[in-house]
**Q** 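My questions will all concern the structure given below.
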Number of protein chains: 2
Amino acid sequence: MATIYQVSEAAGVSLATVSRVMNGNAKVSERTRKKVESAMASLGYQPNAIAQSLASNRTNSVGLLVSELHGSYFGDLMSTVENVLKRNGKHVIITAGHVDEKREHEAIEFLKSRRCDALILHAEAVSDDYLKKLVNSKVPVVVINRKVDELEQNCFVVDNVKGGYLATKAAIDAGHKNIAYISGPLFKKDASDRLAGHKKALEEAGLTFDSNSTFEGDFHESSGQEGMQHLQATFPDFTALVCANDEMASGAMTAAREAGFDIPSKLSIVGFDNVLFSRYLYPKLTTINNPIHAMGEMAAHWVLEHVYDIKSPVPIEHLFVPEVVDRDTLGTL
Amino acid sequence: MATIYQVSEAAGVSLATVSRVMNGNAKVSERTRKKVESAMASLGYQPNAIAQSLASNRTNSVGLLVSELHGSYFGDLMSTVENVLKRNGKHVIITAGHVDEKREHEAIEFLKSRRCDALILHAEAVSDDYLKKLVNSKVPVVVINRKVDELEQNCFVVDNVKGGYLATKAAIDAGHKNIAYISGPLFKKDASDRLAGHKKALEEAGLTFDSNSTFEGDFHESSGQEGMQHLQATFPDFTALVCANDEMASGAMTAAREAGFDIPSKLSIVGFDNVLFSRYLYPKLTTINNPIHAMGEMAAHWVLEHVYDIKSPVPIEHLFVPEVVDRDTLGTL
DNA sequence: CTGTTAGCGCGTTCAA
DNA sequence: TTGAACGCGCTAACAG
């Protein structure tokens with residue numbers, strides 16, 4: 001690996017001059033520029049990003065924390081964030097927190113130790129206090145899918161209460177009165193918010209909420225199956241089932257079929273998130289769009305604007321509104 | 001951000017001593033270790049990984065190139081690689097090449113500029129020559145899902161010919177004689193290999209290959225739909241359809257249903273890859289297991305062993321064998 | 001066991 | 001417009 005020093009020797013100029021043509025910030029005469037450039041080319045010179053970072057205190061890379069590296073939801077998130085950042089010459093360093101406080105913490109510390117210029121976090125397990133400290137430290141931070149008090153300007157969230165409301169409202173509008181619900185793990189804010197929206201829609205329609213109509217799942221497919229089975233016992237007459245995410249909806253659909261229910265003639269199902277595979281399901285899942293794509297883009301633009309002085313092409317917004325994606329699993333009664 | 005220098009001052013020792021307690025490689029007396037550790041704690045010291053890397057020429061991070069950051073296939077790959085590496089204290093830096101020669105090249109150069117200790121590449125677009133040069137340069141490299149001549153020891157691949165063979169063989173064994181095929185883009189080695197396997201199985205069973213029975217897709221869901229429609233015109237009597245990956249199989253299933261074919265009573269379908277969502281499909285997709293998980297693990301172990309001297313718990317293998325995953329979309333004739 | 005001293009490869013003053 | 005010199009924060013000989 002050639003170094004800047006060898007280039008300077010080959011070009012017969014000083015080290016500083018080579019640095020100047022690399023960064024193009026100071027004046028360099030056309031002639032010396034040519035000399036340097038051809039020297040770089042013939043040596044196959046590539047700057048050492050590590051050394052550049054140490055000297056300039058800039059890494060041109062932003063850290064991204066997700067909960068998992070697999071799954072459509074995070075795939076979409078990583079993909080969009082990387083896209084807009086790379087388009088602007090910035091790189092992304094991705095880590096996974098696995099929804100575990102210790103591991104999330106470690107992942108964030110890793111990103112900090114790599115001196116990322118900014119952090120984009122989908123942090124679920126770490127405390128609000130920790131996030132506040134982080135935001136008040138040197139490194140610019142934004143948080144996705146989590147609203148932290150006093151940090152509104154750093155958070156990008158979807159209105160989960162409204163999403164939950166819309167899902168159940170759609171079922172109600174289709175004529176359903178006995179509506180079961182499979183929630184996510186309720187210690188998670190998004191899960192409890194969605195459930196709150198569900199209750200609100202029920203109430204508004206004059207329907208009473210029966211605690212037997214709910215099952216607490218874990219956002220994974222298998223708990224959708226479990227939930228479906230459980231609910232058949234505790235709340236046998238439901239004609240519609242709202243699930244707090246698409247994975248569980250998929251599991252519920254499987255269980256429903258195994259129990260002999262045709263969808264949607266015998267049972268209607270509504271999901272949440274609108275992940276990619278929801279349209280591959282059969283019947284195609286009616287669900288609530290979680291604008292993860294838009295949130296990821298916005299977070300990336302925030303970073304570009306606040307850290308790299310690259311103005312965002314769109315106004316920065318922090319609250320995103322979900323909407324119903326009407327497909328084939330919700331039937332009218 | 002406290003530096004090692006401030007810690008040394010606070011602890012009343014030299015800079016080198018602090019370094020020693022951090023890295024734990026040289027002897028340090030219990031007393032001074034305590035002093036240093038408490039100084040580090042009270043200052044909230046965190047080593048600057050950038051500076052460490054520059055000085056030690058070690059980054060403790062390995063670069064991973066995938067084609068896309070989304071999709072089950074790459075999700076699985078990233079997830080497993082990260083898991084085994086992190087378990088051994090190494091970090092992963094992920095980049096995407098988007099199956100484009102220029103972008104793959106840039107992504108790899110980025111990883112090199114970050115001085116990754118090793119590279120794990122799922123490179124589809126870059127040339128064999130480039131990969132050979134890379135392997136012969138300083139940085140250790142392994143390639144996933146691509147066999148490069150002379151680089152067998154650095155490649156981890158599944159036997160795609162055999163996979164294609166098994167898929168079609170399964171259909172033949174179930175009594176099918178008119179078997180259509182939707183391939184991937186044939187300039188890709190894995191796609192053409194799978195097709196070769198298909199032909200081999202046909203031949204072996206005394207069935208003649210009809211070029212009208214094949215449609216060249218692009219591995220995406222939509223081309224599965226197109227393929228299905230196309231084949232109904234060119235090869236109308238097929239009772240089984242083999243697809244070169246699960247996404248296209250999913251698309252074909254949708255198209256088949258829209259055309260009124262029941263699966264599997266009227267039409268059998270076999271996929272390839274066994275990605276996560278293949279079991280969420282209805283009916284659950286019969287497919288060929290692509291041991292991406294095993295390959296990812298193996299690649300990670302290779303790196304640990306060759307670069308970090310951490311012996312692999314399992315013998316390193318380079319060729320993986322696919323197998324049939326028997327589910328619900330293949331019916332007997 | 002501990003301290004001193006060179007670098008690692010590069011950016012950035014400050015002079016010239 | 002260019003060069004010399006210093007420093008970024010840390011590791012790694014080499015002494016002691």
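The structure displayed is predicted, hence computed values, not measured ones. Protein chains get the first letters and strands the later ones, always in sequence-line order, with residue 1 at the start of each.
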**Q** Rounded to the Å, how far apart are B:Q6 CD and D:dC8 C1'?
**A**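 Roughly 13 Å, once rounded to whole Å.
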**Q** Using a cut-off of 4.0 Å on non-hydrogen atoms, how would the nucleic acid contact of B:L15 be classed: base, sugar-phosphate, or nothing?
**A** base
**Q** Check whether B:E297 reaches the backbone of B:M295 with its side chain - one donor and one acceptor, N or O, closer than 3.5 Å.
**A**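 Absent.
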**Q** Within the 4.0 Å heavy-atom criterion, would you say B:V13 contacts the bases, only the backbone, or no part of the nucleic acid?
**A**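 Here B:V13 touches the backbone only, sparing every base.
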**Q** Do B:V303 and B:K90 touch side chain to side chain, with heavy atoms closer than 4.5 Å?
**A** no
**Q** Between D:dC8 atom P and A:R115 atom CZ, what is the distance in whole Å?
**A** 13 Å
**Q** Within the side chain of A:K112, is there an N or O that forms a donor-acceptor pair under 3.5 Å with the backbone of B:Q46?
**A**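 No.
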**Q** Please confirm whether the shortest side-chain N or O distance from B:N57 to OP1 or OP2 of D:dT11 is below 4.0 Å.
**A** no
**Q** Can you measure B:I50 atom CD1 to D:dT11 atom C1' for me and round it to whole angstrom units?
**A** 15 Å
**Q** What nucleotide, of D:dA12, D:dA4, D:dC10, holds the atom closest to the side chain of B:I4?
**A**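 Per side-chain heavy atoms of B:I4, the pick is D:dC10.
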**Q** When you get a sec, tell me which of D:dG9, D:dG3, D:dC14 is the closest nucleotide to the side chain of B:R20?
**A**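 Within the option list, the nearest is D:dC14.
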**Q** What is the nucleic acid contact for B:S56, judged by heavy atoms within less than 4.0 Å: base, sugar-phosphate only, or nothing?
**A** sugar-phosphate
**Q** Taking the nucleotide of DNA chain C with the closest heavy atom to each, which residue, B:A51 or B:G12, is nearer the 5' end?
**A**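 Closer to the 5' end of DNA chain C: B:G12.
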**Q** Using only atom types and a distance under 3.5 Å, with no angle test, would you say the side chain of B:E152 pairs donor to acceptor with the backbone of B:E150?
**A**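 It does hold such a pair.
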**Q** Over 60° means perpendicular and under 30° means parallel, so classify the ring planes of B:H105 and B:Y130, tilted if in between.
**A**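 Answer is tilted, since the angle falls between 30° and 60°.
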**Q** Rounded to the nearest Å, what distance is computed from the CG atom of residue A:N25 to the P atom of nucleotide D:dT1?
**A**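 Computing the A:N25:CG to D:dT1:P distance gives 13 Å.
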**Q** Can a side chain N or O of A:S29 be found less than 4.0 Å away from OP1 or OP2 on D:dT2?
**A**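 For D:dT2, OP1/OP2 do have a side-chain N/O of A:S29 under 4.0 Å.
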**Q** Just the endpoints, please: which first and last nucleotides of DNA chain C, 5' to 3', lie under 4.0 Å from a heavy atom of chain B?
**A** C:dC1 to C:dG9
**Q** Taking the side chain from A:S67 and the backbone from A:H98, do they hold a donor-acceptor pair closer than 3.5 Å?
**A**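 No, because the side chain of A:S67 does not come within donor-acceptor range (under 3.5 Å) of the backbone of A:H98.
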**Q** The side chain of A:A16 is closest to which nucleotide in this list: D:dG3, D:dA12, D:dC8?
**A** D:dG3
**Q** Aromatic rings B:F156 and B:H318: how do their planes relate, parallel, tilted or perpendicular, breaks at 30° and 60°?
**A** parallel
**Q** Answer yes or no: does a side-chain N or O of A:S14 lie under 4.0 Å from OP1 or OP2 of D:dG3?
**A**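 For A:S14, the contact criterion (side-chain N or O under 4.0 Å from OP1 or OP2 of D:dG3) is met.
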**Q** Would you say a side-chain N or O of A:Y5 is under 4.0 Å from OP1 or OP2 of D:dG3?
**A** no
**Q** With respect to the phosphate group of D:dG3, does any side-chain polar atom (N or O) of A:T17 fall under 4.0 Å of OP1 or OP2?
**A**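 Looking at the OP1 and OP2 atoms of D:dG3, one of them is under 4.0 Å from a side-chain N or O of A:T17.
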**Q** Does a side-chain heavy-atom distance below 4.5 Å link B:P185 with B:F219?
**A**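 SC-SC contact between B:P185 and B:F219 confirmed.
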**Q** Looking at A:T32, does any N or O in its side chain come under 4.0 Å of the phosphate oxygens OP1/OP2 on D:dT2?
**A** yes
**Q** Nearest-Å distance, CZ (A:R58) to C1' (D:dG7)?
**A** 19 Å
